[in-house]
Each structure stands twice: as structure tokens, then as C-alpha cells.
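Structure incoming, see below.
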Amino acid sequence: MGRAACETCASANSAAWQMKEQGPRMASGGGGFSQVVHLHSTQKVPKEGKECPGSPAHSSCGHGDGPRVSSCYSCLVCLLTCGLYFCNPHSQNISSKLTHDTVEHVRYRILEHFHTSTEDYSVIFTAGSTAALKLVAEAFPWVSPGPESNGSRFCYLTDSHTSVVGMRKVTTAMNVTSIAVRPEDVCAAETRGTAASDPDCQLLHLFCYPAQSNFSGTRYPLSWIGEVKAGRMCPVSVPGKWFVLLDAASYVSTSPLDLSVHQADFVPLSFYKIFGFPTGLGALLVNNRVAPLLRKTYFGGGTAAAYLAGEDFYIPRQSVAERFEDGTISFLDVIALKHGFDALERLTGGMENIKQHTFTLAQYTYTALCALRYPNGAPAVRIYSDSEFSSPEVQGPVINFNVLDHSGNIIGYSQVDKMASLYNIHVRTGCFCNTGACQRHLGISDEMVRKHLEAGHVCGDDVDLIDGHPTGSVRISFGYMSTLEDAQAFLRFIIAMQLHQCDGQPLPQTTPGEVGAPSESEAQDAVPATMDRCSSSPRKDAPTDSGVSNDLPTTVAAVGLCPPLPMATRTQQTPSEKAAGVLDGGLGPRVITNLYLYPIKSCAAFEVTKWPIGSQGLLYDRSWMVVNHNGVCLSQKQEPRLCLIQPFIDLQQKIMVIKAKGMEPIAVPLEENGERTQICQSKVCADRVNTYNCGEKISSWLSRFFGHPCQLLKQSSNFQRSAKKRVKDQSAGSTATLSLVNEAQYLLINRPSVLELQQQLNASDANGKEELFPMKELISRFRANIITSGTSPFEEETWDEISVGSLRFQVLGPCHRCQMICINQQTGQRNQNVFQKLSESRARKLSCL
């Protein structure tokens, strides 16, 4: 039992759920109202109340996954419980009875929202809509096939969420036949009329379909419920009685559902899709006429009227909710729901207003997207929809699409996602847990799905194109907090991302003598590097056209390093080398111009002229990382100011000195004290790593700098993390070990490649500046360890091996980069031009590894 209280409730009470005038007022069929921004694209300052601490300053084009949650809502929950005691409702004390009675009142409020009452429906709280679906699959009175019948049928629309399709694993275990039905087949059945029926047949069947497709927003007729239950239409022509499960999770987030008219037998819900909070709480609404048929095997706490521990004796409680809610429900989250419904009604005027408002935004955005064309007349996007957004009765506020280039080729969703984030817009990508709809709209056959899996693509990853064919798409959706300003911000992003490209002219090519030549001062400090290839021709898997490539840095792995700590050096050229001037076609000497290490992951570079090489790369390179209060590793993608932290390593004193503007320098030991070190586990790039905390002093220092709790962790010296990528024909026993790097021990970048990018960036500068991106600043964005020069642009993509004196490095291949290249490493400011220009000039997709 506990008492909930919040010191900020007094101020939160005035700010919570307060509607602000943000963006233009939208007129809707049910009356106009202005919304708190859900897809807000810039930081907004409320006109009334206080800004919610922790409110995100970015757009989120995914209301289908739940509207934005502000900390004001959390404060509202605290306010709700101030001065009250709530505890486990499975008892008879005063607090338990209060909890029980409050939860029951919430059940009434939920049913009221759906225009029904406890006379017709029961509310079973679950851990989300998926748990509600699983409950139905396990409790439905399936009839297995036998000598006298063919058994029950489980039918579901192909345009169904994964959680619906997954029910077939339960039915398969009972030998019940599962049948996937296409939307067009159901429509044909509706036209066909009455199917074969036998009034004496006792077989029970279940038909599941979504009120709204979570993929495309298509809204399927609610009239199907009555038609199927009455036997006037049948998904499959078999004798027996049909029951209907209406998956309403997506639909009810923006539309009213009247269960007094459309009396589905089962209705799974997810509350965070309506309010954004609480997550992990859903419900199953069960028609009371069906409830007595449900069967239950397992029984948990609170569900038994009586049972014996030593015998198979169990009597369930009478009410449906008490029988099926195993254990203690999340009662504080449940109690918060009433205030969510009340606030929704108070702020918007009801679900009909939300329905009209969100559809108006979606219709406007759909029309604008359809009108976007390249100068050659080609469309900028391909929209996947079963309607033309003519009415909210047939289409929800969801737009699913892929972006096209001027030739009609699809641009992978992963690249669109990364570009969107640079404009502070968050989109949902992939197949959205709806493979059936994804296959139908994108033309992906069953065989292609299997081939994509063999190629390494799994649901939810960023492998967006395979052999030029999309594996998924991009989805935006509007909620009650969305505004016209949000829709326009998204459209401006699409226009900026794509349509501006067509006005650019071909860039002049540099001559061999100009490409990547270091300055005179740089040449004096450079060391010739022999770039040995395994063969005289490029690698078979390497691109032969400089216009087709991955991102700039190349990953290399050291091999044959002996003695244990050789020195990587950047020394002076000999006079004869200076006199020679050119090698292999007059490009100049192939040299290493700079060496960098990054002691703290995502923090500033530490430049050296020579440095020891350890078993994981340059000694102490990316050996430390900054984590937040939850122990999650921070990168510049979440915290750009990491680049302003400057580490310096003193090998003689065995310390790392950390500096930042406005902060006193602080020293950290290079190695842990084995006796006092407490090892903890962390995660880097999906790999588990053993680390230790570097102490309270540096934690306080970092927390003051960033303004929120942070800690500094160092990878444990006796922990080995193996590289996932291997050089061809490399044995498992010779796999490289890694520090806290993403992929490989070293990153290499070639100056001529960066110079070509610089020329493209400066040529595209509308303001006519001569040097928008200085060369040194542009190189620093790629955070490479080794900087080379004296070669053609992107020649490094064909290398198999690199020799630097006695050191030999094997090349793993191009290193894919993410949005961090958009961050100025001297200021921490973002500029999306670098990523965007690479996306245009280099044909392969960019992704973060």
C-alpha cells in the first residue's frame, strides 16, 4: 500500500490539459477547436500555464502509436491520488474498498464512452490490446474436428495486425483451421448474401477484422458485425454460428464507436493509443451474451471464489472481469483513465469532433502530397491507400507512402526516417506489424518475404531496399493534438528533401592534380602510406562508379600486429619523397595526414602525431562512454553537446583530463582500481558490455554540464567484445575485438572524397558563400581515426588492405553513417545539408551501424 503525492501538483493543476493556441484554428464538421500540438515541429511556448518539463520539442508523425504524453499528464495522475490511499483491491480494508470502487467506476466510464453499459458488456483489463487478443484465442470455445464435424473456423482479414494473425498459433494447437480472408473476398461475400447455414449445427466460428487498418487507415464497414452475426454474410461458407471480434485499437483513437449499434462480441482496446498514457494497459470488452461460453484453464490471484491446494478443486468468481483478470491489475493506471476520458471530452467536445478534425488534416495532407511533382511530371511520393480520402467513414487519419526520386525509384524508408529526424519530425517506418497489408500494397510476394529473410531483413530493422524493391514504407498519422501547422511542416520537409534536387546542375569535376592535395604545411607532416591491394583489380563487391557508394568513412581492421603495442605515426616526408611528388597517375603521394582518437564515445577528437596501438585499435580509443540516468549510452544524435566535451590523455601520468567551456578541467584515471571497481553491464550497438563507473566526481561534472543526471563508464579491461563483421575467409578465432566503437577498430576517411563532397555543398549554397563548409570542419564530422590523401575520390572503397610501414590493415568496407555527420563538431549545431547532399550524390542508402 502506498500514498501518492506530488509537490508540483498545485502548479500542474493549472497547466495540465490546458489547450494552447498553437498554430491556426482548424474548422471541423463537429465544431472548430485548437489543439495542443502532437506533431509539433518547432519549440512552442504556451500562452497560458507553464511549459511541461520534459515535453519533446519535435514532431511525431505517428499518432497511431499514441499521442504525445506531457509531464503535465503525469502530474495530473499525481494530483488524482494526492491525499488518498490506494492498494491491492483484493482485500476488505478501507483503502482496498476505495480502490475497488474507483476501478469499478472507471469500468462504467469506459462503457459510457462506447455508448453501452454493464447490462450489455463487461470490461476486462489486460496488459494491452495484444493481451486481449491472446485471451480471446485461449478462451474461445473452439471445437476441434472429429468424426461428426469439421470443427470450428478461425477467419481473419489479411489486413490485420500481427497480434491478430498470431492467434492462429493457439487455434492450430487445437487442430482448428485458420483461414486468412482478403478484404475483396469479404466484400464479395457481402454482395453474395446468405451463405449455407444449418440451424441445428452447434459449431462456433470466429471472424476477426480491424475497424481501421493500422497500415493504411482504411476503415472497414462496421455493418459487417451485424451481417456476419445474423448469417447474412459469411467469411467462409461453412455451417455453424459466427462470432465477431472487432479490433478497434487503431480506430477508437480518433473516432467514436457506438457498441449499442454495432454489437461486436469482442472488442480489444489499447488506452495509450487514445491518451498516450498509460502504456501497457488495455482492455477486452466482452458482450455479456458471449461471456458464459468462454473457457479458462489457468487461474491466478483474485479470480477464485474457492480452491484447494491439494486437490483439483477450483470455483471461479462470478463476474467476467473477476474470472479473467489474473493477479492484481494496474489499478493506479486504471484510475487515471477516468480523468483521461473526462479531459478528452472537455478539451475537444467529443470523439465526433476529433474524427472530423483529424480527417480534415489527413485529407489536406493527402491532397498536397498527390500534387507534388518533379519538373518532369513524375510524382514525388507513392501513396498506399484503398480510398481517395473522400470521407472519414472509409478512411482514417493515416497516410502510408514511399518517397520517389525523379525517375520513379523508391527512396528507402530508412533514409526518409533519418532525414525527417533532421527536421525534428519522427515518422513510423517498416510494415507496422501488418505484413498482409504490406504485401498487398507493396507487391511483395510470399517468396519475396522468404528471400528478404534470407538476405538478413527482419521485421523492424532498417533494411529498406532489397534488389531495388521496398521492404516497407513510411506512415504518418494525425491525432487530436495535431494542427494544420504540423501538416504543413511535414509537407515542407518532403519538398525540401526531394523537389529542390532537380534545380541543381552537374558539378564540375576536379582535375587529378587538384583532388585532395594537402596544404604545404600538412604535406610536411605527412607520412607516405603504401596502399597494398590483394589484386590489381578492385574488389568484386566494390562499386566501380564513384557515383554509387556508401558513406565516406571506411572501416579497417588491424592484422599481424607485433610487438603488442606498435606505434601508429604521422611523421615527416623525406626529401626524395617530396621531390617525387606523385604516384600512380600523378595524384600525389599517398599519405596519412592526421591521426585522431576519441577517448569518450561521441565526444570531441584528440589529435596525435603518434600513438600506441592496442588489441582493440588505437589505445583508449572509444574506451569510455557517457550514459543517462537509466544507464543508456548517449550519442550526439540525442545529445549534440557531447562534441563540446574535450578529452586529453596523458600517458605519462596515466590520466585523462576532460575540459569543456565554462567548466573546470577534471582528471580521470586511465585504468580502474581492481579492488574497488564494481562491474556493471551496459549495452552498445545491441552488444552487452562490461563497464565500471568512473566515480561521483565526474558524474557530477557531466550532470552540471548537460543539466541532467549523467555518468561516465569505462569498458572493463578484462572484457572482450567481438566484431560482428569479418573479412572474407577470416576464421572465427581471428575475429577482432572491439572497444565501444560501433563496428570496427578503425575508421578511415580520404581527403579527396571529402573535397568532392565539399565542392558539391558549396556549389549548392544559395547564398553564394565561397566556403560554407571548411575542409577541416567537414572532415571532423565523420569522426575518422585515420585521414589519408593522394588518391582519387572514393578510391578507398576498392581497397582490400592498407600498409603503413610495418602495420597492415584489412579493409572491412564502407562505413555507413547516420545523422551525426550533420552536427558541427566545433559548435554542436545541426545542419542537414551534409546528410542530404550525400543522399543525393551517393546512390546507396545511408544507415547507422
If the plane angle is over 60° it's perpendicular, under 30° parallel, otherwise tilted; pick one for Tyr314 and Phe299.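 Correct class here is parallel.
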Check for a donor-acceptor pair, side chain of His457 on one end and backbone N or O of Leu465 on the other, with a separation under 3.5 Å. no
To the nearest 0.5 Å, how far apart are CE in Met351 and CD in Glu345? 9.5 Å
Any donor and acceptor pair, going by atom type alone, linking the side chain of Arg219 with main-chain N or O of Pro392 inside 3.5 Å?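 A pair under 3.5 Å: yes.
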Could you walk me through whether Asp120 and Leu111 satisfy the side-chain contact (heavy atoms from CB on, under 4.5 Å) test, starting with their C-alpha distance in whole Å, then the side-chain angles of each, then the deciding distance to 0.1 Å, before giving a yes or no? CA-CA 9 Å; Asp120 295 318; Leu111 294 175; over 6 Å; no
At what distance, to the nearest 0.5 angstrom, does CG of Leu259 lie from OG of Ser117?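 With rounding to 0.5 Å, CG (Leu259) is 10.5 Å from OG (Ser117).
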Under 3.5 Å, is there a donor on one side chain and an acceptor on the other for Ser122 and Asn288? yes
Roughly how far apart are Asp265 CG and Cys208 SG, rounded to 0.5 Å?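 Atom-to-atom, Asp265:CG and Cys208:SG are 10.5 Å apart.
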In this structure, which one of Thr365, Leu361, Thr360 forms a side chain to side chain contact (heavy atoms under 4.5 Å, CB included) with Leu484?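 The option that passes is Leu361.
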Quickly, which of Lys296, Arg107, Arg317 forms a salt bridge (charged side-chain N to carboxylate O under 4.0 Å, His left out) with Glu325? Name it, please.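 Option passing the salt bridge (charged side-chain N to carboxylate O under 4.0 Å, His left out) with Glu325: Arg107.
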Please identify each residue that fulfils ring pair (Phe, Tyr, Trp, His ring centres under 6.0 Å) with Phe331, with sequence neighbours left out. none
Exercise: do Thr348 and Asn353 side chains pair donor with acceptor under 3.5 Å: no
Looking at Phe389 versus Phe478, is the centre-to-centre ring distance below 6.0 Å?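 Between Phe389 and Phe478, the centre distance exceeds or equals 6.0 Å.
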Output yes when a side-chain donor or acceptor of Arg382 lies under 3.5 Å from a complementary backbone atom of Leu442, and no otherwise. no
Between Arg182 and Arg440, is a side-chain contact (heavy atoms from CB on, under 4.5 Å) present by the stated rule, with each step listed? CA-CA 10 Å; Arg182 299 180 303 170; Arg440 182 165 71 92; over 6 Å; no
Can you check ring-ring contact (aromatic ring centres under 6.0 Å, His included) on Tyr220 and Phe207, steps first, answer last? CA-CA 14 Å; Tyr220 294 103; Phe207 173 53; 9.8 Å; no
Ala291 and Val320: which non-hydrogen atoms are nearest, and at how many Å?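 Between these two residues, the closest heavy atoms are CB-CG2, 3.5 Å.
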In terms of side-chain heavy atoms, does Ser163 have a donor or acceptor partner in Thr130 at a distance below 3.5 Å?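 Yes, a side-chain donor-acceptor pair sits under 3.5 Å.
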Enumerate the residue pairs fulfilling salt bridge (charged side-chain N to carboxylate O under 4.0 Å, His left out) with a member in residues 445-457, sequence neighbours excluded, ordered by first and then second residue.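 Listed by first then second residue: nothing to list.
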Passing option when Tyr209 is tested against Tyr156, Tyr251, Trp224 for ring pair (Phe, Tyr, Trp, His ring centres under 6.0 Å): Trp224
Treating His90 as the side-chain partner and Thr303 as the backbone partner, does any N or O pair qualify as donor plus acceptor under 3.5 Å?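 Between the backbone of Thr303 and the side chain of His90 there is no qualifying donor-acceptor contact (under 3.5 Å).
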I'd like to know if the side chain of Thr358 reaches the main chain of Lys355, judged simply by a donor and an acceptor atom lying under 3.5 Å from each other, with no hydrogens or angles considered.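 At least one qualifying donor-acceptor pair exists.
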Please check if any side-chain donor atom of Tyr384 sits under 3.5 Å from a side-chain acceptor atom of Asn402, or the reverse.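 Tyr384 vs Asn402: donor-acceptor pair found between side chains.
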Within the distance-only criterion (no hydrogens, no angle test), does the side chain of Arg153 pair as donor or acceptor with the backbone N or O of Leu206 below 3.5 angstrom?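 Looks like no, no N/O pair under 3.5 Å.
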Just by modelled atom types, is the Ile444 backbone N or O under 3.5 Å from a matching donor or acceptor in the Gln439 side chain?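 Yes; judged by distance alone, with no hydrogens or angles, the pair exists.
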Distance check, rounded to the nearest 0.5 Å: Thr172 atom OG1 versus Phe154 atom CZ? 9.5 Å
Using ring centroids (six-membered ring only for Trp), state whether Phe140 and Phe243 fall under 6.0 Å. yes
For residues 435-456, which residue pairs pass the ring-ring contact (aromatic ring centres under 6.0 Å, His included) check, not counting sequence neighbours? Phe215-His441
Verify side-chain contact (heavy atoms from CB on, under 4.5 Å) between Ser216 and Asp386, making sure each step is shown before the conclusion. CA-CA 8 Å; Ser216 63; Asp386 294 314; 4.3 Å; yes
Could you walk me through whether Leu257 and Val267 pass the side-chain contact (heavy atoms from CB on, under 4.5 Å) check? CA-CA 10 Å; Leu257 175 62; Val267 183; 4.2 Å; yes
So, for Glu352 and Pro256, which heavy atoms are closest and what is the spacing to 0.1 Å? OE1-CG, 3.6 Å
Distance check, rounded to the nearest 0.5 Å: Phe324 atom CZ versus Phe125 atom CZ?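 These two atoms lie 16.0 Å from each other.
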Roughly how far, to the nearest 0.5 Å, is the NE2 atom of His161 from the CG atom of Asn214?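 Between Asn214 CG and His161 NE2, I get 5.0 Å after rounding to 0.5 Å.
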Report the C-alpha distance between Cys459 and Cys431 in whole Å, list the side-chain angles of each, state the deciding distance to 0.1 Å, and finish with yes or no for disulfide bond (SG atoms under 2.5 Å apart). CA-CA 7 Å; Cys459 292; Cys431 275; over 6 Å; no
